[in-house]
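Single-structure report; data block below.
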Amino acid sequence: MNQIVMITGASSGIGKETAKRLLARHFRVYAVARRLEAMEDLRTLGAEVLHMDVTNEASVYRTMEILLQKEGRIDILINNAGFGSTGSLEEVPLPEAQGQFDVNVFGLMRVTQAALPAMRAQGAGRIINLSSVGGQFATPLSGWYNATKFCVEALSDSLRREVSSFGIKVILIEPGGINTGWPVDAALNAQRNSGHGAYSPMVGRFVKNLRTYEHKLSDPSVVADLIEKAIRSPRPSTRYVGGFGARPLLFLRRLLPPKWMDYIVRTQFG
Ligand SMILES: NC(=O)c1ccc[n+]([C@@H]2O[C@H](COP(=O)([O-])OP(=O)(O)OC[C@H]3O[C@@H](n4cnc5c(N)ncnc54)[C@H](OP(=O)(O)O)[C@@H]3O)[C@@H](O)[C@H]2O)c1
């Protein structure tokens, strides 16, 4: 029997790449996002393509219900939808920060809450949450994004311990720099929010760094590999790490005292 998987944020980047990978492996893929037209290629490849705005409760439950009516079960939920609103903590408008929490944290939990009753009834399921190395280590100009991913880490750890007795596994994916629209959006947002005041020199270096490392960013297939591992392993790890810079950064963070990490960050951001 083909496993039933829902992927949020499947209209671009990591979500789309993962959807393609799982379709090629004969999973039954429900690809969901707001931009249906951007998922036409997935429909052609055999995905069920549905609208979902993770910030809208009715939209989340309606779409989950369509899947459950058709399939009667959901084996794997991949919570991938997310974005990075950047800028200094002093300047990012709080409604923008709240909007990011609504997608990256509450959106993830809305979809999770909608899937859990079916998974509990089945006595099985996997929930795979896209965090980031930024969920382990916070950097200047990404504070709100980091805060959302730190939340995803905490919620995932707590949920894993709550639902393991129901046969449900909760797994975190922690990518480093991946070549999607994300880094471009991060640069634009930082310039919009903080490119003209006291933090503009820092933003200049942030954008310069993004450009310098652009060609080193990993292909989204690197994250699809991690997700596939998390799906296939009979006893999955709690976390899978990969992509540009992820392992060295986490290694240094474990090894060095915070003040040394501050120094290293200062060499990059000023
Ligand atoms: N790229 C990186 O370097 C990197 C590194 C670490 C972690 N990540 C994480 O990986 C995940 C995917 O990011 P990506 O790099 O692939 O970015 P991306 O190409 O910008 O994709 C983000 C996806 O999220 C969806 N989305 C945004 N708001 C939504 C909403 N309200 N409802 C439903 N879907 C929504 C978008 O679809 P619609 O606009 O069509 O709704 C889009 O498909 C994110 O959680 C991100 O934080 C990325």
Side-chain angles (χ1 to χ4, degrees), residues 7-9 12-18 21 78-86 100 104-105 108 126-157 160 169-187 189-190 205-233 236-258 260-269:
I7 309 178
T8 69
S12 64
I14 292 167
K16 178 170 278 198
E17 186 67 25
T18 303
R21 169 72 60 85
I78 303 174
N79 279 311
N80 164 77
F83 74 100
S85 133
T86 45
Q100 187 168 203
N104 295 9
V105 179
L108 176 145
R126 285 188 191 208
I127 299 174
I128 300 177
N129 290 336
L130 265 288
S131 175
S132 165
V133 281
Q136 294 276 348
F137 183 73
T139 48
L141 304 176
S142 300
W144 285 113
Y145 177 71
N146 291 139
T148 65
K149 294 300 185 183
F150 272 62
C151 280
V152 168
E153 296 270 335
L155 291 167
S156 303
D157 281 340
R160 189 178 64 254
K169 295 180 167 48
V170 180
I171 303 150
L172 281 155
I173 308 290
E174 298 175 335
I178 309 298
N179 190 12
T180 65
W182 195 98
V184 176
D185 287 350
N189 289 335
R205 276 186 291 269
F206 177 64
V207 173
K208 190 165 159 248
N209 287 344
L210 284 172
R211 291 214 181 99
T212 306
Y213 295 121
E214 206 173 9
H215 67 286
K216 293 193 172 169
L217 295 176
S218 304
D219 191 81
S221 61
V222 169
V223 185
D225 289 343
L226 299 177
I227 293 173
E228 195 178 351
K229 240 188 226 171
I231 289 174
R232 289 196 187 278
S233 169
S237 302
T238 57
R239 287 165 170 78
Y240 290 85
V241 181
F244 174 63
R247 284 187 177 283
L249 180 66
L250 294 184
F251 176 73
L252 285 178
R253 197 213 52 163
R254 250 172 245 128
L255 195 71
L256 298 177
W260 289 35
M261 290 307 288
D262 285 357
Y263 173 76
I264 293 173
V265 169
R266 261 202 312 278
T267 64
Q268 299 295 308
F269 288 84

Give me the atom names and distance for the closest heavy-atom approach of [X] to [Y].
| X | Y | answer |
| --- | --- | --- |
| Pro183 | Leu217 | CG-CD1, 3.7 Å |
| Leu256 | Met261 | CD1-SD, 3.8 Å |
| Ser131 | Leu172 | CB-CD2, 3.7 Å |
| Lys149 | Leu130 | NZ-O, 2.9 Å |
| Ser233 | Arg126 | O-NH1, 2.7 Å |
| Gln136 | Leu250 | CB-CD2, 3.6 Å |

Practice problem: Apply side chain to side chain contact (heavy atoms under 4.5 Å, CB included) to Asn104 and Tyr145, showing your working. | Solution: CA-CA 8 Å; Asn104 295 9; Tyr145 177 71; 3.8 Å; yes
Flag the pair [X] / [Y] as yes when at least one side-chain heavy-atom distance between them is below 4.5 Å, and no otherwise.
| X | Y | answer |
| --- | --- | --- |
| Asp225 | Arg21 | yes |
| Pro140 | Val265 | yes |
| Leu249 | Phe137 | yes |
| Pro175 | Trp182 | no |
| Ile227 | Ile7 | no |

Self-check item: Gap between atom OG1 of Thr86 and atom CD of Gln100 - 0.5 Å precision
Solution: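 Here the interatomic distance stands at 8.5 Å.
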Exercise. Answer yes when Glu153 and Arg239 have at least one side-chain N-carboxylate O distance shorter than 4.0 Å, and no when they do not.
Key: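 The answer is yes: the pair qualifies as a salt bridge.
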Quiz item: Within the side chain of Asn80, is there an N or O that forms a donor-acceptor pair under 3.5 Å with the backbone of Gly9?
Solution: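 Here the side-chain-to-backbone pair exists.
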